[in-house]
Amino acid sequence: MLSYQHIYHAGNLADVQKHALLAWMLSYLTRKDKPVSYIETHAGRGLYNLDAPEAVKTGEAAAGIDRILGKASLDPEHPLMRALADCRAEHGETAYPGSPLIAASLLRDSDSLHFAELHPGEHAALRTALPWRRAKLYLQDGFEMAQSLAPPTPRRGLLLIDPSYEIKSDYDRIPGIIAALHRKWNVGIIALWYPILKDGAHGAMLKALEQQNLPGAIRHEVRFPPAREGHRMIGSGMFLVNAPYGADAECARLDRLFADLQ
């Protein structure tokens with residue numbers, strides 16, 4: 001199943017939560033003059049135009065990043081805002097960076113970047129959006145790629161798992177995948193994004209993850225109204241393993257941001 005295209009959802013409130021935490025963690029890792037590895041299992045196309053018919057049709061960006069910017073809710077010096085400014089300076093005022101471009105904006109020449117994307121069209125678009133020699137792109141199942149790289153060189157770093165969950169078995173597989181990755185790469189930060197749907201599909205997955213007693217585990221969730229009538233997503237969650245120091249405070253800042261949107 002390769003029907004999912006994030007252009008319909010780019011810049012929504014789930015992206016704001018996910019990308020704000022991701023950008024903060026990448027910025028944290030670069031405070032030390034030591035190289036890092038960044039790995040992403042479901043990269044998408046990396047660059048989105050929020051004026052595209054697909055984005056306008058759903059209205060999710062208007063209810064998401066556009067609303068955040070309109071309220072000036074995030075400090076301009078927040079790493080996500082810096083990455084957004086870099087993206088728009090290069091690609092125009094309606095551009096929105098996916099996580100690959102956020103990483104490319106915030107990481108350094110000494111860092112290693114690995115992006116997997118199995119959808120041929122999205123992979124080709126990512127290659128165009130990210131003509132960066134240091135980034136390695138894989139037309140491959142992202143879980144397999146992550147397993148093959150763990151532990152990466154350098155060992156210090158972060159893995160983002162961000163599936164669309166169009167393959168429903170992902171909910172069942174992910175706890176075991178994260179446990180296996182942690183065993184191979186016990187110092188790596190593992191960040192899992194998941195949607196909060198009306199049917200609570202994520203519940204069993206989170207219970208299985210929490211029963212593993214993974215080190216430095218943080219669960220952060222935000223809630224928001226459905227983007228449109230019939231939309232099933234009512235929130236967004238991130239589950240972090242080996243969460244960096246200060247992540248609790250960043251999560252609290254996001255809680256205040258989303259409370260201000262109510």
Quiz item: From Leu206 CG over to Leu192 CG, what is the distance, rounded to the nearest 0.5 angstrom?
Solution: 7.5 Å
Quiz item: In Å, rounded to the nearest 0.5 Å, how long is the span from CD1 of Ile218 to CG of Asp248?
Solution: 4.0 Å
Quiz item: Strictly by modelled atom types, are Glu250 and His220 linked by a side-chain donor-acceptor pair under 3.5 Å?
Solution: no
Quiz item: Looking at Cys251 and Leu21, what are the two nearest heavy atoms and their distance?
Solution: SG-CD2, 4.0 Å
Quiz prompt | Set of side-chain contact (heavy atoms from CB on, under 4.5 Å) partners for Ala150, sequence neighbours left out | solution = Leu181, Lys184, Trp185
Quiz prompt | Sidechain-backbone polar pair: Arg45 side chain, Glu122 backbone, donor-acceptor under 3.5 Å | solution = no
Quiz prompt | With His19 via side-chain hydrogen bond (donor to acceptor under 3.5 Å, both in side chains) - residues at least two apart | solution = Tyr96
Quiz item: Where do Ala55 and Asn49 come nearest, in terms of heavy atoms and distance?
Solution: CB-O, 4.0 Å
Practice problem: For Gln211, check side-chain contact (heavy atoms from CB on, under 4.5 Å) against everything at least two apart and list the hits. | Solution: Lys207
Quiz prompt | Reported CG-to-CD1 distance for the pair Asp199 and Ile234, which is rounded to 0.5 angstrom | solution = 9.0 Å
Quiz item: Which residue pairs satisfy the side chain to side chain donor-acceptor pair (under 3.5 Å) criterion with at least one member in residues 27-39, sequence neighbours excluded?
Solution: Tyr38-Glu40
Quiz item: Who passes side-chain hydrogen bond (donor to acceptor under 3.5 Å, both in side chains) against Trp24, sequence neighbours left out?
Solution: none
Practice problem: Give the minimum heavy-atom separation between Ala135 and Leu130, together with the two atoms involved. | Solution: CB-CD2, 3.8 Å
Quiz prompt | Gap between atom CE of Met233 and atom CG of Leu13 - 0.5 Å precision | solution = 8.0 Å
Exercise. Carefully, step by step, assess Phe115 and Ser99 under the rule side-chain contact (heavy atoms from CB on, under 4.5 Å).
Key: CA-CA 10 Å; Phe115 301 104; Ser99 40; over 6 Å; no
Quiz item: Does Ile39 reach the side chain of Met145, with side-chain heavy atoms less than 4.5 Å apart?
Solution: yes
Quiz item: Is any side-chain heavy atom of Ser112 less than 4.5 Å from a side-chain heavy atom of Pro154?
Solution: yes
Exercise. Taking side-chain contact (heavy atoms from CB on, under 4.5 Å) as the test, write out the residues that go with Ala20, two or more places apart.
Key: His78, Leu80, Leu254
Quiz item: Is there any side chain to side chain donor-acceptor pair (under 3.5 Å) pair reaching into residues 140-160, and which pairs are they, with sequence neighbours excluded?
Solution: none
Quiz item: Listed by chain and number, what are the side-chain hydrogen bond (donor to acceptor under 3.5 Å, both in side chains) partners of Asp172, not counting sequence neighbours?
Solution: none
Self-check item: For Ile189, the option from Leu159, Val241, Leu29 that meets side chain to side chain contact (heavy atoms under 4.5 Å, CB included)
Solution: Leu29
Practice problem: Take Val36 and Arg108, measure what side-chain contact (heavy atoms from CB on, under 4.5 Å) needs, and give me the verdict at the end. | Solution: CA-CA 9 Å; Val36 303; Arg108 307 153 300 184; 4.0 Å; yes
Quiz prompt | Ala116 to Gly142 - nearest heavy-atom pair and separation | solution = CB-CA, 3.6 Å
Practice problem: Would you name the heavy atoms of Gly44 and Leu126 that are closest together and state the gap between them? | Solution: O-CB, 3.5 Å
Practice problem: Walk me through it: do Ile65 and Leu50 pass the test side-chain contact (heavy atoms from CB on, under 4.5 Å)? | Solution: CA-CA 10 Å; Ile65 190 63; Leu50 300 185; 3.7 Å; yes
Practice problem: Any chance you could measure Thr41, atom OG1, to Glu117, atom CD, to the nearest 0.5 Å? | Solution: 9.5 Å
Quiz prompt | Single-linkage hydrophobic cluster Leu69~Val16, side-chain heavy atoms < 4.5 angstrom | solution = yes
Self-check item: Criterion side-chain contact (heavy atoms from CB on, under 4.5 Å) on Asn12 and Thr58, from CA distance to verdict
Solution: CA-CA 10 Å; Asn12 64 9; Thr58 62; over 6 Å; no
Quiz prompt | Whether His202 and Tyr194 hold their rings parallel, tilted or perpendicular, with breakpoints at 30° and 60° | solution = parallel
Self-check item: Joint hydrophobic cluster, Val56 plus Tyr48, side-chain heavy atoms closer than 4.5 Å
Solution: no
Quiz item: Under 3.5 Å, is there a donor-acceptor pair between the side chain of Gln212 and the main chain of Pro175?
Solution: yes
Quiz prompt | Partner residues of His114 under the ring-ring contact (aromatic ring centres under 6.0 Å, His included) criterion, sequence neighbours left out | solution = Tyr138
Quiz item: How far apart are the closest heavy atoms of Asp75 and Glu77, and which atoms are they?
Solution: OD1-N, 2.7 Å
Practice problem: With rounding to the nearest 0.5 Å, note down the distance linking CD1 in Ile178 to CD1 in Ile161. | Solution: 4.5 Å
Quiz prompt | Residues which pass side-chain hydrogen bond (donor to acceptor under 3.5 Å, both in side chains) with Asn242, listed by chain and number, not counting sequence neighbours | solution = none
Practice problem: Applying ring-ring contact (aromatic ring centres under 6.0 Å, His included) between His42 and each of Tyr165, Trp193, Phe143, report the one that passes. | Solution: Phe143
Practice problem: Report the residues that fulfil salt bridge (Lys or Arg N to Asp or Glu O under 4.0 Å) with Glu210, sequence neighbours left out, ordered by chain and then residue number. | Solution: Arg219
Quiz item: Can you name the residues that form a side-chain contact (heavy atoms from CB on, under 4.5 Å) with Cys87, not counting sequence neighbours?
Solution: Leu47, His91, Ala95, Pro97, Leu101
